[in-house]
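To start, the structure under review is shown below, and the notes come after it.
Hydrogens, waters and symmetry mates are skipped; everything else that's a heavy atom, side chains included, is used.
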Amino acid sequence: MLTDDMLVARYTEGDNKAFDELLARYQSKLFNYIYFIVRNQEVAEDIFQETFVKAIVTLQQGRYTNDGKFAAWITRIAHNLVIDQF
């Protein structure tokens, strides 16, 4: 099984399936985290989508540093978007 950092590297090299795998790994956990805070399905879905859009943009711009903390990084993006929502 590939690590998160390996998948990030593959994605930045053009392998879109690598990002699909990252999404699959964190989709449920991240959505539940957002929903737990906002308590609104529609708002949670919007924040969830925006989280992954921001992640994609950051990865494509080469601004993500591989330090083994993808889960914490993506959760922090979601958390900041939740704060922005309120």
Report whether I47 and F36 are members of the same hydrophobic cluster (ILVMFWY, side-chain heavy atoms less than 4.5 Å apart, transitive linking). yes
Do the two ring centres, one from F48 and one from Y35, sit under 6.0 Å apart?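 Not close enough - the centres of the two rings lie 6.0 Å or further apart.
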May I ask you to check whether F70 and Y26 place their ring centres under 6.0 Å from each other? yes
Flag side-chain contact, heavy atom, 4.5 Å: [X] against [Y]:
X: T3; Y: M6; value: yes
X: V8; Y: F19; value: no
X: E21; Y: L2; value: no
X: I34; Y: T51; value: yes
X: L81; Y: Q85; value: no
X: Y11; Y: K17; value: no

More than 12 heavy atoms of other groups within 6.0 Å of R10 CZ: no
Can you establish whether the number of heavy atoms outside F86 located under 6.0 Å from its atom CZ is more than 12?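 Check passes, neighbour count above 12.
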Judged by modelled atom types alone, do E45 and Q49 share a side-chain donor-acceptor pair under 3.5 Å? no
Nearest 0.5 Å, what's the [atom1]-[atom2] distance between [X] and [Y]?
X: K54; Y: I56; atom1: NZ; atom2: CD1; result: 12.5 Å
X: L23; Y: L7; atom1: CG; atom2: CG; result: 11.5 Å
X: I77; Y: E50; atom1: CD1; atom2: CD; result: 10.5 Å
X: I74; Y: K69; atom1: CD1; atom2: NZ; result: 16.0 Å

Considering all heavy atoms, the nearest F31-Q41 contact: CZ-NE2, 3.7 Å
Go through the steps for L30 and F52 under the test side chain to side chain contact (heavy atoms under 4.5 Å, CB included), then give the verdict. CA-CA 10 Å; L30 195 59; F52 276 93; 3.5 Å; yes
